[in-house]
Amino acid sequence: MFEGVKEYKVSDYQQFDGSLKGSEYAGDIDFDNGYSLSIVSHKTSYGGDRGLFEIMLLRNGQPYSFPPITHEGDTVKGFLSKEDVETIIKDVNELPGTV
């Protein structure tokens with residue numbers, strides 16, 4: 001669905017009931033700059049019940065807050081359209097490298 005994203009079945013990560021069939025999405029992407037994104041959409045993710053996505057930003061493998069990618073003090077951002085996620089992927093890829 002997203003270029004460069006390694007995709008998974010949600011059930012590969014967690015157990016969900018059968019009502020999620022066809023409505024779940026999970027993937028992650030690592031960037032050369034030390035950041036990565038987890039991208040999910042399922043019944044209990046922020047906006048997943050509306051077909052929207054939630055992302056979690058990671059820096060060197062640890063959840064990381066970085067406005068405007070996420071809100072101050074928060075490592076996740078939800079209620080995102082496919083276009084929003086594509087923009088965030090581009091923005092994270094352009095961040096300066098981590099130490």
Side-chain angles (χ1 to χ4, degrees):
M1 175 176 287
F2 300 104
E3 186 176 337
V5 174
K6 184 177 180 182
E7 297 178 351
Y8 305 92
K9 291 182 198 174
V10 172
S11 59
D12 289 345
Y13 285 129
Q14 302 176 33
Q15 296 296 318
F16 292 96
D17 65 37
S19 66
L20 290 174
K21 289 182 181 173
S23 66
E24 71 267 5
Y25 178 88
D28 60 50
I29 183 169
D30 297 320
F31 300 94
D32 292 336
N33 58 10
Y35 290 93
S36 59
L37 283 175
S38 169
I39 306 162
V40 298
S41 179
H42 52 77
K43 169 170 93 171
T44 59
S45 65
Y46 295 122
D49 61 344
R50 301 178 201 170
L52 299 173
F53 296 90
E54 172 188 309
I55 61 98
M56 178 172 40
L57 179 65
L58 298 106
R59 180 179 177 188
N60 298 321
Q62 298 298 314
Y64 188 68
S65 173
F66 190 88
I69 305 298
T70 63
H71 298 291
E72 185 67 40
D74 202 350
T75 60
V76 300
K77 187 174 190 177
F79 303 96
L80 301 167
S81 68
K82 183 176 188 284
E83 293 77 18
D84 294 334
V85 174
E86 289 170 341
T87 297
I88 289 171
I89 290 171
K90 179 179 169 268
D91 292 345
V92 172
N93 187 51
E94 293 175 356
L95 291 173
T98 64
V99 177

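Hydrogens, waters and symmetry mates are skipped; everything else that's a heavy atom, side chains included, is used. In this text, all values refer to a predicted model and were calculated from it rather than measured experimentally.
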List the atom pairs, with distances to 0.1 Å, where a side-chain N or O of residues 72-80 and a protein N or O form a donor-acceptor pair under 3.5 Å, not counting sequence neighbours.
unit_1	atom_1	unit_2	atom_2	d
Asp74	OD1	Val76	N	3.3
Lys77	NZ	Pro68	O	3.3

Which of these passes side chain to side chain contact (heavy atoms under 4.5 Å, CB included) with Leu37: Val5, Leu57, Val85, Leu58? Leu57

Out of curiosity, Asn93 CG to Tyr35 OH, how far, rounded to the nearest 0.5 Å? 12.0 Å

Any ion pair linking Lys82 and Glu86 (charged N to carboxylate O, less than 4.0 Å)? yes

Same cluster (ILVMFWY, side-chain, under 4.5 Å), Phe66 and Ile88: yes

Carefully, step by step, assess His42 and Tyr25 under the rule side chain to side chain contact (heavy atoms under 4.5 Å, CB included). CA-CA 7 Å; His42 52 77; Tyr25 178 88; over 6 Å; no

Would you find a donor on one side and an acceptor on the other, under 3.5 Å apart, between the side chain of Asn33 and the backbone of Leu95? yes

Do Asp84 and Thr87 have a side chain donor and acceptor closer than 3.5 Å? no

Spacing of Phe31 atom CZ and Glu94 atom CD [to the nearest 0.5 Å]: 10.0 Å

Under the criterion side chain to side chain contact (heavy atoms under 4.5 Å, CB included), I'd like the reasoning laid out for Val92 against Ile55: C-alpha separation, chi angles, the key distance, then a yes or no. CA-CA 12 Å; Val92 172; Ile55 61 98; over 6 Å; no

How far apart are the C-alpha atoms of Ile29 and Ile89, what are their side-chain angles, what is the distance that settles it, and do they pass the side chain to side chain contact (heavy atoms under 4.5 Å, CB included) test? CA-CA 8 Å; Ile29 183 169; Ile89 290 171; 4.3 Å; yes

Rounded distance (nearest 0.5 Å) linking atom OG of Ser45 with atom CE of Met56: 12.0 Å

Ignoring hydrogens and geometry, is there a side-chain-to-backbone donor-acceptor pair from Ser41 to Leu52 under 3.5 Å? yes

Sorted by chain and residue number, the side chain to side chain donor-acceptor pair (under 3.5 Å) partners of Tyr46 (sequence neighbours excluded) come out as none

Which residues pass the salt bridge (charged side-chain N to carboxylate O under 4.0 Å, His left out) test with Glu83, sequence neighbours left out? none

